[in-house]
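Computed from a predicted structure; not experimentally measured. In this chain, numbering begins with 1 at the start of the sequence shown.
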Amino acid sequence: MDIQKNEKRHRSRGHDEPPRKKPVRKERPKAKPKIETTAAQPVLSERDRKRHRQVWIQRIVIALVLCTILVGGVICLKIFLTPKTVNVSVPYTESAETEAAQAKVPMPDIDLQLLTVNEYSRPGLSTGTINGVVVHYTANPGSTAQQNRDYFENLKDTHTTKVSSNFVIGLEGEIIQCIPTSEIAYASNSRNTDTVSIECCHPDETGKFTDATYDSLVQLTAFLCSKFNLTENDVIRHYDITGKDCPKYFVENEAAWETFRSDVGAVLAEYA
């Protein structure tokens, strides 16, 4: 009877089956942290350490010696390949009287401001026979003859480049002589040794000279041609030597260049 009562009580509670037991989750064992091991470093003896240091010192000394030899070789090669010139100063003895005596064409007014002898603008080397007069322009619009002359002079201190000219003609026609005609100027590349160079100032980017500059250029060029027994056909542009756009206006205006040479020829004919 009791059993039947229990079964009825169990069924009345809605339990057709006996209650199930909840599964028990098993915890996974925690992974043990890996311990990295390094190979044991060999222990060097004092003798081995000393020998090791000596090897590294020898390597460093050898590297320094090789670097020294390499640098010395480069310097020697540079010295060997650099053209050797002897800067012999040629005393300037030409005066206005001797200049004028050598030419039939009157010498224009020239402000003599010779540069200090130095390897960057006045090397002091003698020219050979003068075979031409080279016309240049400063490529520095608005600059004066004095400023360009002073730039040449300052190169002895700045050492930025090697450049100069025998004469510079200013915007107002003033003429400054920087280097004697018996010495080379760094102006005309391969023709430095047999030409006289004239730099001309100009007011703007066109490179066209003022009337005053042009007139002085004609007179100075004619005077130099007369002095060295040249003709107007011996007057050339920097462009004719290297192809450089110098003097710019005369390169870009061939007719103006030919007119200039004709004007020089006219002055030469006048005093022939």
Measure the shortest side-chain to side-chain distance between [X] and [Y] over non-hydrogen atoms and say whether it is less than 4.5 angstrom.
X: Cys225; Y: Thr231; value: no
X: Gln219; Y: Phe223; value: no
X: Val134; Y: Ile198; value: no

Donor + acceptor pair across side chains of [X], [Y] (<3.5 Å):
X: Ser126; Y: Glu183; result: no
X: Thr206; Y: Asp204; result: yes
X: Thr210; Y: Thr213; result: yes
X: Thr181; Y: Asn166; result: no
X: Ser165; Y: Ser197; result: yes
X: Asn192; Y: Thr195; result: no
X: Gln146; Y: Asp150; result: yes

Nearest-0.5 Å distance, [atom1] of residue [X] to [atom2] of residue [Y]:
X: Glu258; Y: Asn253; atom1: CD; atom2: CG; value: 12.0 Å
X: Cys201; Y: Asn148; atom1: SG; atom2: CG; value: 4.5 Å
X: Ile179; Y: Gln113; atom1: CD1; atom2: CD; value: 13.0 Å

Against the six-membered ring of Trp56, is Arg59 placed for a cation-pi contact (under 6.0 Å from the centre, within 45° of the normal)?
yes
Only pairs at least two apart or in different chains count here, so list each salt bridge (Lys or Arg N to Asp or Glu O under 4.0 Å) that has a residue in residues 234-245.
Arg237-Asp240, Arg237-Glu254, Asp245-Lys248
Kindly check if the number of other-residue, nucleotide or ligand heavy atoms within 6.0 Å of CG (Asp211) is above 12?
no
Does atom CG of Asp194 have more than 12 heavy-atom neighbours, drawn from other residues, nucleotides or ligands, at distances under 6.0 Å?
yes
Taking every non-hydrogen atom, the tightest pair across Leu268 and Ser226:
CD2-N, 4.0 Å
Which residue pairs satisfy the ring pair (Phe, Tyr, Trp, His ring centres under 6.0 Å) criterion with at least one member in residues 132-160, sequence neighbours excluded?
Tyr120-His159, His136-His238, Tyr137-His202
Run the side chain to side chain contact (heavy atoms under 4.5 Å, CB included) check on Cys246 and Tyr239 step by step: do they pass?
CA-CA 5 Å; Cys246 174; Tyr239 166 81; 5.8 Å; no
Show your working on side chain to side chain contact (heavy atoms under 4.5 Å, CB included) between Ile176 and Phe167 and close with a plain yes or no.
CA-CA 6 Å; Ile176 297 178; Phe167 298 91; over 6 Å; no
Let me check something: do Leu220 and Tyr249 share a hydrophobic cluster, defined by ILVMFWY side-chain heavy atoms less than 4.5 Å apart, either directly or through other members?
yes
